[in-house]
Amino acid sequence: MTRPILFASDLHLSDGDPKTVEAFLAFLHGPARHATALYLLGDLFEYWAGDDDDDALTQEIAGELKQLADHGVAIYLMHGNRDFLLGKDYAHRAGATLLPDPTVIDAYGRPLLLSHGDQLCTDDAPYQQFRQMVRQPAWQAAFLARPLAERKAEIARIRAASEAAKQVKTSEIMDVNSYAVGRLLASYPGAHLVHGHTHRPAHHQHEVQHALRQRWVLPDWYAGVGGYLEAGENGLTYRGINQEAAWG
Ligand code: LP5
Ligand code: MN
(Lines give C-alpha, C1' and ligand atoms only; values in the text may rest on other atoms or scores of the structure.)
(Ligands and ions follow the chains in the order given, each with its own letter.)
Protein backbone atom coordinates (compact mmCIF):
# COMPACT_ATOMS: atom_id res chain seq x y z
CA MET A 1 0.00 0.00 0.00
CA THR A 2 1.34 3.41 -0.90
CA ARG A 3 1.74 5.94 1.85
CA PRO A 4 -0.75 8.83 1.67
CA ILE A 5 -0.13 12.57 1.56
CA LEU A 6 -1.94 14.44 4.36
CA PHE A 7 -3.25 18.01 4.47
CA ALA A 8 -4.42 19.96 7.51
CA SER A 9 -4.76 23.63 8.41
CA ASP A 10 -6.12 26.05 10.99
CA LEU A 11 -5.09 24.11 14.07
CA HIS A 12 -4.69 27.42 15.93
CA LEU A 13 -2.50 25.69 18.52
CA SER A 14 -2.25 27.55 21.83
CA ASP A 15 -2.08 26.88 25.56
CA GLY A 16 -5.69 28.02 25.68
CA ASP A 17 -6.91 24.93 23.81
CA PRO A 18 -5.11 21.91 25.34
CA LYS A 19 -7.55 19.40 23.80
CA THR A 20 -6.53 20.47 20.30
CA VAL A 21 -2.85 20.25 21.20
CA GLU A 22 -3.52 16.72 22.48
CA ALA A 23 -5.50 15.79 19.35
CA PHE A 24 -2.75 17.13 17.09
CA LEU A 25 -0.05 15.20 18.98
CA ALA A 26 -2.17 12.02 18.67
CA PHE A 27 -2.46 12.73 14.93
CA LEU A 28 1.33 13.16 14.63
CA HIS A 29 1.91 9.90 16.54
CA GLY A 30 -0.83 8.09 14.60
CA PRO A 31 -1.95 8.65 10.99
CA ALA A 32 0.87 11.10 10.17
CA ARG A 33 3.54 8.45 10.83
CA HIS A 34 2.21 6.36 7.94
CA ALA A 35 2.22 9.29 5.51
CA THR A 36 4.83 10.15 2.91
CA ALA A 37 4.26 13.88 3.42
CA LEU A 38 2.36 16.21 5.71
CA TYR A 39 1.25 19.62 4.47
CA LEU A 40 0.18 22.14 7.13
CA LEU A 41 -1.56 24.89 5.15
CA GLY A 42 -1.48 27.81 7.55
CA ASP A 43 -2.55 28.89 11.02
CA LEU A 44 -0.82 25.99 12.74
CA PHE A 45 -0.55 28.43 15.64
CA GLU A 46 -3.13 30.81 17.11
CA TYR A 47 -0.70 33.63 16.35
CA TRP A 48 3.02 34.05 15.77
CA ALA A 49 5.01 36.99 17.17
CA GLY A 50 8.41 35.89 15.82
CA ASP A 51 10.73 32.88 15.96
CA ASP A 52 12.24 34.26 19.18
CA ASP A 53 8.91 33.64 20.96
CA ASP A 54 9.93 30.07 21.81
CA ASP A 55 7.66 29.02 24.65
CA ALA A 56 7.13 25.43 25.85
CA LEU A 57 4.33 24.75 23.36
CA THR A 58 6.14 25.94 20.22
CA GLN A 59 9.25 24.02 21.33
CA GLU A 60 7.21 20.86 21.89
CA ILE A 61 5.54 21.12 18.48
CA ALA A 62 8.90 21.75 16.74
CA GLY A 63 10.33 18.68 18.50
CA GLU A 64 7.39 16.50 17.52
CA LEU A 65 7.46 17.64 13.87
CA LYS A 66 11.23 17.08 13.77
CA GLN A 67 10.77 13.52 15.07
CA LEU A 68 8.24 12.88 12.33
CA ALA A 69 10.60 14.33 9.72
CA ASP A 70 13.41 12.10 11.04
CA HIS A 71 11.01 9.15 10.72
CA GLY A 72 10.85 9.89 6.98
CA VAL A 73 7.74 12.05 6.60
CA ALA A 74 8.35 15.21 4.53
CA ILE A 75 6.88 18.17 6.38
CA TYR A 76 5.72 21.36 4.65
CA LEU A 77 4.48 24.53 6.29
CA MET A 78 2.53 27.29 4.57
CA HIS A 79 1.81 30.61 6.26
CA GLY A 80 -1.69 31.49 7.41
CA ASN A 81 -3.08 34.91 8.23
CA ARG A 82 -2.20 34.42 11.91
CA ASP A 83 1.27 32.86 11.71
CA PHE A 84 2.77 34.48 8.58
CA LEU A 85 5.72 35.70 10.65
CA LEU A 86 6.83 32.11 11.25
CA GLY A 87 10.33 32.03 9.81
CA LYS A 88 13.04 29.77 8.45
CA ASP A 89 14.59 29.39 11.88
CA TYR A 90 11.49 27.75 13.36
CA ALA A 91 10.88 25.72 10.18
CA HIS A 92 14.43 24.41 10.44
CA ARG A 93 13.92 23.42 14.08
CA ALA A 94 10.75 21.58 13.04
CA GLY A 95 12.52 19.77 10.17
CA ALA A 96 10.02 21.44 7.82
CA THR A 97 10.13 23.30 4.53
CA LEU A 98 8.27 26.61 4.17
CA LEU A 99 6.10 26.77 1.06
CA PRO A 100 4.94 29.84 -0.86
CA ASP A 101 1.20 30.45 -1.20
CA PRO A 102 0.03 29.10 -3.63
CA THR A 103 2.05 25.98 -4.42
CA VAL A 104 1.22 23.19 -6.88
CA ILE A 105 2.14 19.61 -6.06
CA ASP A 106 1.61 16.29 -7.75
CA ALA A 107 -0.44 13.95 -5.58
CA TYR A 108 -0.30 10.53 -7.23
CA GLY A 109 -0.76 11.99 -10.70
CA ARG A 110 -3.32 14.58 -9.61
CA PRO A 111 -2.12 18.23 -9.62
CA LEU A 112 -3.19 19.96 -6.41
CA LEU A 113 -3.01 23.70 -5.90
CA LEU A 114 -2.41 24.43 -2.21
CA SER A 115 -3.26 27.73 -0.53
CA HIS A 116 -4.19 29.03 2.89
CA GLY A 117 -7.24 30.64 1.28
CA ASP A 118 -7.40 34.11 2.84
CA GLN A 119 -6.39 35.78 -0.43
CA LEU A 120 -9.53 34.39 -2.04
CA CYS A 121 -11.79 36.32 0.38
CA THR A 122 -11.78 39.36 -1.91
CA ASP A 123 -15.15 40.70 -0.63
CA ASP A 124 -13.52 41.31 2.77
CA ALA A 125 -11.99 44.65 1.76
CA PRO A 126 -10.81 45.77 5.24
CA TYR A 127 -9.02 42.45 5.72
CA GLN A 128 -7.35 42.60 2.27
CA GLN A 129 -6.14 46.12 3.05
CA PHE A 130 -4.74 44.95 6.39
CA ARG A 131 -3.15 41.95 4.67
CA GLN A 132 -1.44 44.08 2.04
CA MET A 133 0.13 46.17 4.79
CA VAL A 134 1.40 43.38 7.04
CA ARG A 135 2.72 41.19 4.20
CA GLN A 136 5.26 43.82 3.06
CA PRO A 137 8.78 42.56 3.87
CA ALA A 138 9.96 46.02 5.06
CA TRP A 139 6.96 46.32 7.34
CA GLN A 140 7.60 42.85 8.78
CA ALA A 141 11.29 43.58 9.36
CA ALA A 142 10.37 46.76 11.27
CA PHE A 143 7.82 44.84 13.36
CA LEU A 144 10.26 42.02 14.15
CA ALA A 145 12.87 44.56 15.24
CA ARG A 146 10.61 45.64 18.11
CA PRO A 147 10.91 43.98 21.56
CA LEU A 148 8.87 40.76 21.91
CA ALA A 149 6.62 42.15 24.67
CA GLU A 150 5.69 45.11 22.46
CA ARG A 151 4.95 42.83 19.53
CA LYS A 152 2.69 40.67 21.70
CA ALA A 153 0.81 43.73 22.96
CA GLU A 154 0.34 44.96 19.36
CA ILE A 155 -0.94 41.54 18.30
CA ALA A 156 -3.41 41.51 21.21
CA ARG A 157 -4.77 44.88 19.95
CA ILE A 158 -5.03 43.60 16.37
CA ARG A 159 -6.77 40.42 17.51
CA ALA A 160 -9.34 42.45 19.47
CA ALA A 161 -9.90 44.78 16.49
CA SER A 162 -10.27 41.77 14.17
CA GLU A 163 -12.80 40.08 16.48
CA ALA A 164 -14.83 43.32 16.69
CA ALA A 165 -14.69 43.75 12.89
CA LYS A 166 -15.85 40.15 12.32
CA GLN A 167 -18.99 40.78 14.45
CA VAL A 168 -20.30 43.17 11.82
CA LYS A 169 -19.26 41.22 8.71
CA THR A 170 -21.72 38.84 7.07
CA SER A 171 -20.72 35.21 6.67
CA GLU A 172 -20.74 35.64 2.83
CA ILE A 173 -18.16 38.44 3.08
CA MET A 174 -15.87 36.13 5.07
CA ASP A 175 -16.11 33.27 2.55
CA VAL A 176 -14.08 32.91 -0.65
CA ASN A 177 -15.28 34.86 -3.68
CA SER A 178 -16.13 32.41 -6.48
CA TYR A 179 -14.69 34.69 -9.19
CA ALA A 180 -11.41 34.81 -7.28
CA VAL A 181 -11.45 30.99 -7.09
CA GLY A 182 -12.19 30.80 -10.83
CA ARG A 183 -9.37 33.21 -11.68
CA LEU A 184 -6.87 31.29 -9.54
CA LEU A 185 -7.88 27.93 -11.01
CA ALA A 186 -7.75 29.37 -14.53
CA SER A 187 -4.09 30.26 -14.03
CA TYR A 188 -3.24 26.66 -12.99
CA PRO A 189 -4.74 24.51 -15.75
CA GLY A 190 -5.91 21.09 -14.62
CA ALA A 191 -5.21 21.59 -10.92
CA HIS A 192 -7.67 21.09 -8.08
CA LEU A 193 -7.63 23.42 -5.09
CA VAL A 194 -7.06 22.54 -1.42
CA HIS A 195 -7.34 25.39 1.10
CA GLY A 196 -8.34 26.23 4.65
CA HIS A 197 -8.98 29.52 6.46
CA THR A 198 -12.78 29.78 6.11
CA HIS A 199 -13.55 26.96 8.60
CA ARG A 200 -16.21 25.67 6.20
CA PRO A 201 -15.09 22.12 5.39
CA ALA A 202 -16.65 21.02 2.14
CA HIS A 203 -16.02 19.63 -1.31
CA HIS A 204 -17.02 22.06 -4.07
CA GLN A 205 -16.93 21.87 -7.85
CA HIS A 206 -16.22 24.86 -10.10
CA GLU A 207 -16.63 25.00 -13.85
CA VAL A 208 -13.48 26.64 -15.19
CA GLN A 209 -12.82 26.88 -18.93
CA HIS A 210 -15.58 24.30 -19.56
CA ALA A 211 -14.08 21.70 -17.23
CA LEU A 212 -15.05 20.75 -13.69
CA ARG A 213 -12.42 21.47 -11.07
CA GLN A 214 -12.57 20.35 -7.45
CA ARG A 215 -12.11 22.56 -4.38
CA TRP A 216 -11.53 20.92 -1.02
CA VAL A 217 -11.88 23.12 2.06
CA LEU A 218 -10.12 21.92 5.20
CA PRO A 219 -11.76 22.20 8.63
CA ASP A 220 -10.37 24.16 11.55
CA TRP A 221 -9.46 22.29 14.74
CA TYR A 222 -11.08 23.36 17.98
CA ALA A 223 -11.51 21.74 21.43
CA GLY A 224 -9.93 18.53 20.16
CA VAL A 225 -12.23 18.25 17.12
CA GLY A 226 -10.79 18.65 13.64
CA GLY A 227 -9.92 16.75 10.52
CA TYR A 228 -7.60 16.36 7.57
CA LEU A 229 -7.57 15.40 3.94
CA GLU A 230 -5.78 12.30 2.72
CA ALA A 231 -4.56 11.92 -0.86
CA GLY A 232 -3.74 8.43 -2.10
CA GLU A 233 -3.76 6.46 -5.33
CA ASN A 234 -7.55 6.30 -5.22
CA GLY A 235 -8.16 10.01 -4.78
CA LEU A 236 -8.89 12.34 -1.88
CA THR A 237 -10.69 11.41 1.35
CA TYR A 238 -11.67 13.44 4.39
CA ARG A 239 -10.79 12.01 7.78
CA GLY A 240 -12.41 13.43 10.90
CA ILE A 241 -10.59 13.78 14.21
CA ASN A 242 -12.99 13.11 17.08
CA GLN A 243 -15.90 13.66 14.68
CA GLU A 244 -17.64 11.88 11.80
CA ALA A 245 -16.06 12.87 8.50
CA ALA A 246 -19.33 13.56 6.73
CA TRP A 247 -18.47 16.78 4.98
CA GLY A 248 -19.27 18.05 1.55
O1 LP5 B 1 -8.07 34.81 11.91
P2 LP5 B 1 -9.54 34.99 11.83
O3 LP5 B 1 -10.20 33.94 10.99
O4 LP5 B 1 -10.15 35.11 13.20
O5 LP5 B 1 -9.83 36.40 11.15
C6 LP5 B 1 -9.28 36.68 9.87
C7 LP5 B 1 -9.01 38.16 9.72
N8 LP5 B 1 -8.24 38.67 10.85
C9 LP5 B 1 -6.91 38.56 10.90
C10 LP5 B 1 -6.21 39.04 12.15
C11 LP5 B 1 -5.70 37.83 12.92
O12 LP5 B 1 -6.76 36.99 13.30
C13 LP5 B 1 -4.96 38.24 14.18
C14 LP5 B 1 -3.59 38.75 13.93
C15 LP5 B 1 -2.57 37.66 14.05
C16 LP5 B 1 -1.19 38.14 14.35
C17 LP5 B 1 -0.49 38.79 13.20
C18 LP5 B 1 0.98 38.85 13.37
C19 LP5 B 1 1.49 40.20 13.67
C20 LP5 B 1 1.35 41.14 12.57
C21 LP5 B 1 1.94 42.42 12.93
C22 LP5 B 1 0.89 43.47 13.17
C23 LP5 B 1 1.39 44.74 13.78
O24 LP5 B 1 -6.25 38.04 10.00
C25 LP5 B 1 -10.30 38.95 9.61
C26 LP5 B 1 -11.15 38.36 8.52
C27 LP5 B 1 -11.42 36.90 8.83
O28 LP5 B 1 -10.16 36.22 8.85
C29 LP5 B 1 -12.32 36.18 7.85
O30 LP5 B 1 -11.66 35.92 6.64
O31 LP5 B 1 -12.37 39.07 8.40
O32 LP5 B 1 -9.92 40.27 9.24
C33 LP5 B 1 -10.22 41.30 10.04
O34 LP5 B 1 -11.09 41.22 10.89
C35 LP5 B 1 -9.43 42.56 9.75
C36 LP5 B 1 -10.22 43.83 10.02
O37 LP5 B 1 -11.37 43.89 9.19
C38 LP5 B 1 -9.36 45.06 9.76
C39 LP5 B 1 -8.04 45.08 10.47
C40 LP5 B 1 -8.16 45.22 11.98
C41 LP5 B 1 -6.82 45.43 12.62
C42 LP5 B 1 -6.41 46.89 12.57
C43 LP5 B 1 -5.28 47.13 13.49
C44 LP5 B 1 -4.38 48.16 12.89
C45 LP5 B 1 -3.10 48.22 13.67
C46 LP5 B 1 -1.94 48.50 12.76
C47 LP5 B 1 -0.68 48.19 13.42
C48 LP5 B 1 0.42 49.06 12.93
MN1 MN C 1 -6.67 31.55 8.65
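In this chain, numbering begins with 1 at the start of the sequence shown. One-based numbering, in listed order, for ligands and for the atoms of each.
Which parts of ligand 1 touch Ala165 is read off a 4.0 Å heavy-atom cut-off, strictly below it: atoms 34 (O), 36 (C), 37 (O). Counting atoms of ligand 1 from 1 in the listed order, those under 4.0 Å from a heavy atom of Trp139 are 21 (C), 22 (C), 23 (C), 48 (C). In the vicinity of Arg159, heavy-atom distances shorter than 4.0 Å reach the ligand 1 atoms 13 (C).
Close N/O approach between Lys166 and ligand 1 is found [any backbone or side-chain N/O within under 3.5 Å]. Of the polar atoms of Tyr47, none of the N or O atoms is found under 3.5 Å from an N or O of ligand 1, judged by distance alone. Residue His199 places no N or O, backbone or side chain, under 3.5 Å from any N or O of ligand 1. Remark: ligand 1 and Arg82 share an N or O pair separated by less than 3.5 Å (distance only, no angle test). Inclusion of Glu154 in the set of residues having an N or O under 3.5 Å from an N or O of ligand 1 is not warranted.
Residue-level check: among N/O/S atoms of Asp43, OD2 sits closest to the Mn ion (ligand 2).
Residue contacts with ligand 1 for Ser162 involve both N, CA, C or O and side-chain atoms from C-beta outward (heavy atoms, distance under 4.0 Å).
A ring-centre distance under 6.0 Å is found for His199 and His12. A ring-centre distance under 6.0 Å is found for Trp216 and Tyr238.
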Applying side chain to side chain contact (heavy atoms under 4.5 Å, CB included), run through Leu40 and Leu65 and close with a yes or a no. CA-CA 11 Å; Leu40 295 166; Leu65 291 174; 4.2 Å; yes
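The structure places CZ of Arg93 at 7.0 Å from CD of Gln59, a figure rounded to the nearest 0.5 Å.
Under a 4.0 angstrom heavy-atom cut-off, Asp118 registers as lying outside contact with ligand 1. Heavy atoms of Phe45 stay at 4.0 angstrom or farther from ligand 1. Remark: distances from the non-hydrogen atoms of His197 to ligand 1 include one below 4.0 Å.
A salt bridge links Arg157 with Glu154: at least one charged nitrogen is closer than 4.0 Å to a carboxylate oxygen. Ion pairing of Glu22 with Lys19 is absent here, as no side-chain N (NZ or NE/NH1/NH2) approaches a carboxylate O to less than 4.0 Å. Between Lys152 and Asp53 there is a salt bridge, with a side-chain nitrogen of the basic residue lying less than 4.0 Å from a carboxylate oxygen of the acidic one.
Taking the Mn ion (ligand 2) as the apex, the angle formed with ND1 of His197 and OD1 of Asn81 is 90°, to the nearest 10 degrees.
Looking only at heavy atoms of the protein, atom 6 (C) of ligand 1 is closest to Asn81 ND2, 3.3 Å. The closest protein non-hydrogen atom to atom 33 (C) of ligand 1 is Lys169 NZ, 3.3 Å. Scanning all protein heavy atoms for the shortest distance to atom 46 (C) of ligand 1 gives Met133 CE, 3.8 Å.
Counted within 6.0 Å of CG on Asn234, heavy atoms from surrounding residues, nucleotides or ligands total 12 or fewer; the atom is thus considered open. Within a 6.0 Å sphere centred on CZ of Phe143, heavy atoms belonging to other residues, nucleotides or ligands number more than 12.
Between Arg213 and Gln205, every side-chain heavy-atom pair lies at or beyond the 4.5 Å cut-off.
For the 3.5 Å distance criterion, the side chains of Tyr222 and Asp17 fail to qualify, holding no donor opposite an acceptor.
Note: Phe27 and Tyr228 have tilted aromatic rings, judged against thresholds of 30 and 60 degrees for the angle between ring planes.
Protein heavy atoms are absent from the space less than 4.0 angstrom from atom 44 (C) of ligand 1.
When the options Ile158, Asp175, Asp43 are ranked by their closest heavy atom to atom 14 (C) of ligand 1, first place goes to Ile158.
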